[in-house]
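One structure coming up, written as structure tokens, with questions to follow.
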There are 2 protein chains.
Amino acid sequence: MKAMVAEEEGRGMQVARAQQGLRELILAGELPPGKRVSEPAMVERLGVSRTPVRLALERLAQEGLVAPGASGGFIVRAFTAADLADAIEVRGTLEGLAARLAAERRPTAGALGPLRDCVAALDRVVAQPVLSEADFDEYVRLNAFFHEELVRLAGSGVVARAVEQAAAQPFAGPSAFVQLHATEAAGRDTLVVAQEQHRRLLEAISRGEGARAEALAAEHARVAQRRLRAALSDRDKLTGLPGGSLLRLAAAWP
Amino acid sequence: MKAMVAEEEGRGMQVARAQQGLRELILAGELPPGKRVSEPAMVERLGVSRTPVRLALERLAQEGLVAPGASGGFIVRAFTAADLADAIEVRGTLEGLAARLAAERRPTAGALGPLRDCVAALDRVVAQPVLSEADFDEYVRLNAFFHEELVRLAGSGVVARAVEQAAAQPFAGPSAFVQLHATEAAGRDTLVVAQEQHRRLLEAISRGEGARAEALAAEHARVAQRRLRAALSDRDKLTGLPGGSLLRLAAAWP
DNA sequence: GAGACTCACATTGCATGCATTTCCGCGATG
DNA sequence: CATCGCGGAAATGCATGCAATGTGAGTCTC
């Protein structure tokens with residue numbers, strides 16, 4: 001039985017497919033937290049053999065979605081509110097480091113070009129008096145680019161790796177929970193505040209103000225903290241959100 | 001052919017042995033940087049089959065010692081001075097976060113006990129007018145414990161994972177290069193300075209001075225930065241040190 | 001003599017086989 | 001009625017087989 005569906009080629013394609021498939025299954029809540037991920041079941045569900053499944057599980061363990069079980073295999077992790085808050089704090093701290101390094105390197109106007117353009121584009125999105133859902137999508141896209149560019153400006157592969165790993169933690173990414181604002185009345189205001197921070201961050205970096213850039217980036221991540229708390233205060237908002245079932249507001253599983 | 005030597009049992013023993021063996025081979029310089037790690041060769045050298053070898057390589061890739069090659073397999077990574085400095089800076093930043101969190105939690109006197117004892121033990125080691133090599137070993141042991149305990153006091157598994165990953169980067173650990181001081185005249189002074197920082201860090205945490213603790217932890221990691229620079233200024237010191245052959249002071253491999 | 005092509009070989013990535021261990025349900029027993 | 005022990009079945013971890021692909025040497029050509 002060899003790849004009956006979608007014989008796309010690629011070097012590590014089976015592993016990638018298993019990883020993506022597992023991620024979706026877990027975030028969709030089909031694999032309940034605390035339960036072991038059965039490899040044979042995944043083989044049947046994902047159409048790849050056990051070897052890629054195992055490798056994908058290993059990578060997801062690094063990503064934090066699963067954890068090695070005490071007696072073999074992997075179990076789906078659950079996340080407490082504190083876990084999410086800490087993950088965001090870690091990302092903010094590392095982005096602060098990246099921002100400081102970027103500022104201290106005194107980037108040239110040319111090097112800052114992409115970030116300037118990104119901020120300008122974000123300005124245009126946020127400036128609108130009313131934001132459609134598509135606008136929020138566009139914001140998410142540009143916001144992601146801003147954070148990538150910020151890390152790139154730090155000029156360090158090591159720092160980039162660290163930030164990427166931190167942002168890959170579930171719900172810790174720079175755009176986590178942004179979608180929730182799309183249905184909120186005051187959703188636009190949050191984006192206005194965040195965008196102001198983007199502008200000031202760009203300013204601090206372009207002026208070589210390292211400490212200010214670091215503090216701004218850390219504070220910027222705390223917008224995500226507030227989004228998280230708002231989401232947690234309203235369980236309805238979590239239901240249906242990818243990964244919502246992984247949250248354990250009060251600890252202790254069966 | 002099943003494990004002719006040392007049939008120690010264990011759940012992931014083959015993978016662990018492969019990982020440890022590969023680490024040693026790489027740090028010993030037997031696998032030159034930039035070269036692909038041949039799986040069959042490792043099978044022969046390590047006495048385990050290809051599956052554990054592959055898994056170990058995947059984990060070492062996360063650890064940073066190897067990187068996935070462009071066309072399959074893994075290649076031994078080389079490190080520039082900037083890489084090492086950045087890795088140390090990342091660790092210092094995250095330890096700063098851990099120290100701040102620890103301080104902000106206002107740990108009880110009881111919770112601070114192990115850290116106090118550790119600092120006291122370090123005091124006794126450093127207070128001696130002359131330090132033997134065994135004293136340096138003891139310092140390394142206690143220093144590692146101090147850093148573990150610091151992270152534990154932050155009370156966050158997420159932060160702990162982040163710090164551990166940062167400290168696992170080659171040469172980024174809290175005790176990297178300490179051994180070099182054992183043969184230096186002024187070696188003891190560096191330990192005196194570092195130990196003063198340990199004391200002040202403990203003080204800041206016990207008083208709940210979060211920002212001070214954060215700054216102290218970050219600055220404390222910069223002791224490692226200076227050790228690194230001292231080591232790099234003297235190639236002789238690197239030769240023979242585990243992993244010394246991985247350093248590429250000027251970039252570009254064959 | 002230098003460079004590009006070709007072809008055989010070694011290696012990788014995936015699939016699968018096998019022994020050991022663990023889990024789960026069932027029955028026995030206090 | 002609850003708890004303990006036990007047996008079968010499934011799952012894991014490791015080893016290995018197989019096809020596809022990259023590598024490298026040797027050779028041919030300009």
Side-chain angles (χ1 to χ4, degrees), chain A residues 1-22 25-26 30-62 66-77 253-254, chain B residues 1-22 25-26 31-32 34-62 66-77 253-254:
Chain A
M1 187 214 292
K2 61 167 34 180
M4 307 163 114
V5 308
E7 300 213 12
E8 305 303 329
E9 65 234 296
R11 202 62 197 177
M13 197 46 56
Q14 307 305 96
V15 176
R17 241 201 312 165
Q19 193 172 358
Q20 182 61 15
L22 279 170
L25 285 177
I26 292 174
E30 299 207 31
L31 305 175
K35 203 184 157 208
R36 278 174 45 158
V37 182
S38 164
E39 291 177 14
M42 295 308 108
V43 166
E44 195 164 0
R45 254 183 180 284
L46 302 172
V48 298
S49 97
R50 278 184 52 214
T51 305
V53 166
R54 173 172 291 266
L55 241 149
L57 282 170
E58 186 81 17
R59 295 191 188 170
L60 288 175
Q62 171 197 354
V66 301
S71 62
F74 293 88
I75 65 177
V76 179
R77 279 198 49 192
W253 318 313
Chain B
M1 185 212 290
K2 63 166 36 181
M4 307 162 113
V5 310
E7 301 213 12
E8 304 304 327
E9 63 234 298
R11 199 60 195 177
M13 198 44 58
Q14 307 303 98
V15 176
R17 235 191 327 155
Q19 193 172 357
Q20 182 61 14
L22 280 170
L25 285 178
I26 292 174
L31 305 175
K35 203 184 157 209
R36 280 175 43 161
V37 182
S38 164
E39 291 176 14
M42 295 307 108
V43 166
E44 194 165 359
R45 254 184 180 284
L46 302 171
V48 299
S49 98
R50 280 184 51 214
T51 305
V53 167
R54 174 172 292 266
L55 243 150
L57 282 170
E58 186 82 18
R59 295 191 187 170
L60 289 176
Q62 172 197 354
V66 301
S71 61
F74 293 88
I75 64 177
V76 178
R77 279 197 51 191
W253 316 313

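Convention: sequence-line order gives letters A, B, ...; per-chain numbering from 1.
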Round to the nearest Å and state the distance from Leu57(B) atom CG to dT12(C) atom C1'.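 To the nearest whole Å, that distance equals 12 Å.
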
Phosphate-side-chain proximity, Arg50(A) and dC14(C), N/O vs OP1/OP2 below 4.0 Å: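 Answer is no, no contact under 4.0 Å.
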
Evaluate the side-chain proximity of Lys35(A) to Val76(A): yes if any heavy-atom separation is below 4.5 Å, no if none is.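 Val76(A) does not reach Lys35(A) side chain to side chain.
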
Going from CG on Leu55(B) to CG on Leu60(B), what distance comes out if it is rounded to the nearest 0.5 angstrom?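 CG of Leu60(B) is found 10.5 Å from CG of Leu55(B).
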
In whole Å, what is the span from the CE atom of Met42(A) to the C1' atom of dT12(D)?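 Interatomic distance, CE of Met42(A) to C1' of dT12(D): 15 Å.
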
Between dT16(D) atom P and Arg54(B) atom CZ, what is the distance in whole Å?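 Distance, rounded to whole Å: 16 Å.
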
Provide, to the nearest angstrom, the distance between the CE atom belonging to Met13(B) and the P atom belonging to dA15(D).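 For the pair Met13(B) CE and dA15(D) P, the rounded distance is 13 Å.
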
What is the distance from CG of Leu55(B) to C1' of dT12(D), rounded to the nearest Å?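 Value for this atom pair: 12 Å.
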
Here's a test of your reading of the structure: between Gly12(A) and Ala41(B), which maps to the more 5' nucleotide of DNA chain C?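 Closest to the 5' end, via its nearest nucleotide, is Ala41(B).
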
Considering every strand and a 4.0 Å limit on heavy-atom distances, what is the contact class for Val37(A): base, sugar-phosphate, or nothing?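 The answer is sugar-phosphate, as Val37(A) gets under 4.0 Å only of primed atoms, P, OP1 or OP2.
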
Which part of the nucleic acid, if any, lies within reach of Arg36(B) when heavy atoms closer than 4.0 Å are counted: base, sugar-phosphate only, or nothing?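 Counting heavy atoms under 4.0 Å across all strands, the contact made by Arg36(B) is with sugar-phosphate only.
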
If the cut-off is 4.0 Å, is Gln14(A) near the phosphate of dG13(C), judged by side-chain N/O to OP1 or OP2?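 False: Gln14(A) side-chain N/O out of range (4.0 Å or more) of dG13(C) OP1/OP2.
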
Looking at CD of Gln20(B) and CG of Leu46(B), how far apart are the two atoms once the value is rounded to the nearest 0.5 Å?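 Here the interatomic distance stands at 10.5 Å.
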
Rounded off to whole Å, could you give me the NZ-to-P distance for the Lys35(A) and dA11(D) pair?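 It works out to 10 Å between those atoms.
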
Nearest heavy-atom neighbours spanning Ala18(B) and Val48(B):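 For Ala18(B) and Val48(B), the tightest heavy-atom pair comes out as CB-CG2, 4.0 Å.
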
Of the listed nucleotides dA15(C), dG13(C), dA11(D), the one nearest the side chain of Pro52(A):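 Side chain of Pro52(A) sits closest to dA15(C).
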
Please classify the nucleic acid contact of Thr51(B) as base, sugar-phosphate, or nothing, using heavy-atom distances under 4.0 Å.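 Here Thr51(B) touches the bases of the nucleic acid.
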
Distance in angstrom units between Ile75(B) CD1 and dT11(C) P, rounded: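 Atom-to-atom, Ile75(B) to dT11(C), this comes out as 17 Å.
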
Side-chain N,O (Ser71(A)) to OP1/OP2 (dT12(D)) below 4.0 Å: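 For dT12(D), OP1/OP2 do not have a side-chain N/O of Ser71(A) under 4.0 Å.
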
Glu44(A) CD to dA10(D) P: how many Å, rounded?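 Nearest whole value for this atom pair: 13 Å.
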
Which value, rounded to the nearest 0.5 Å, describes the distance between Arg45(A) atom CZ and Leu22(A) atom CG?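 Going from the CZ atom of Arg45(A) to the CG atom of Leu22(A) covers 10.0 Å.
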
At under 4.0 Å between heavy atoms, what does Val53(A) touch on the DNA or RNA strands: base, sugar-phosphate, or nothing?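 The answer is nothing, as Val53(A) stays clear of every strand by at least 4.0 Å.
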
